Amino acid sequence: MIFACDKCHFLFSRTRQPEQCPDCGKFAVREATEAERQEYEEHLKEFQNG
Ligand SMILES: [Zn+2]
């Protein structure tokens, strides 16, 4: 599953939703929206191709 942080907008993949953002440490993690999931997958492709 893809999650997003409301504070810093960090997108990341986890099997379970963590309480804290792995980037900024705030308790503001929520499920990513459809648009955010697509954004995450685009970043992943760029990373793999780069
Ligand atoms: Zn964050």
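In this text the structure is predicted, and so the values were computed from the model without any measurement. Whatever order the structure lists ligands and atoms in, that order sets their numbers, starting from 1. The basis for the numbers below is simple: all heavy atoms, side chains too, and nothing from hydrogens, waters or symmetry mates.
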- Taking everything shown except Glu19 itself, do over 12 heavy atoms lie less than 6.0 Å from its CD?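 Open.
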Can you confirm whether [X] sits close enough to [Y] that some side-chain heavy atom of one is under 4.5 Å from a side-chain heavy atom of the other?
{"X": "Arg30", "Y": "Phe3", "result": "no"}
{"X": "Arg14", "Y": "Pro22", "result": "yes"}
{"X": "Arg16", "Y": "Met1", "result": "no"}

- Query: What angle sits at the Zn ion (ligand 1) between SG of Cys5 and SG of Cys24, to 10°?
  - Reply: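 If I round to 10°, I get 110°.
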- Task: With the Zn ion (ligand 1) at the centre, find the angle made by SG from Cys8 and SG from Cys21, to 10°.
- Result: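 Once rounded, the angle between the two atoms at the Zn ion (ligand 1) is 110°.
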- Please determine if the Zn ion (ligand 1) has an N/O/S atom from His9 lying under 2.8 Å away.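 Not a single backbone or side-chain N, O or S atom of His9 is under 2.8 Å from the Zn ion (ligand 1).
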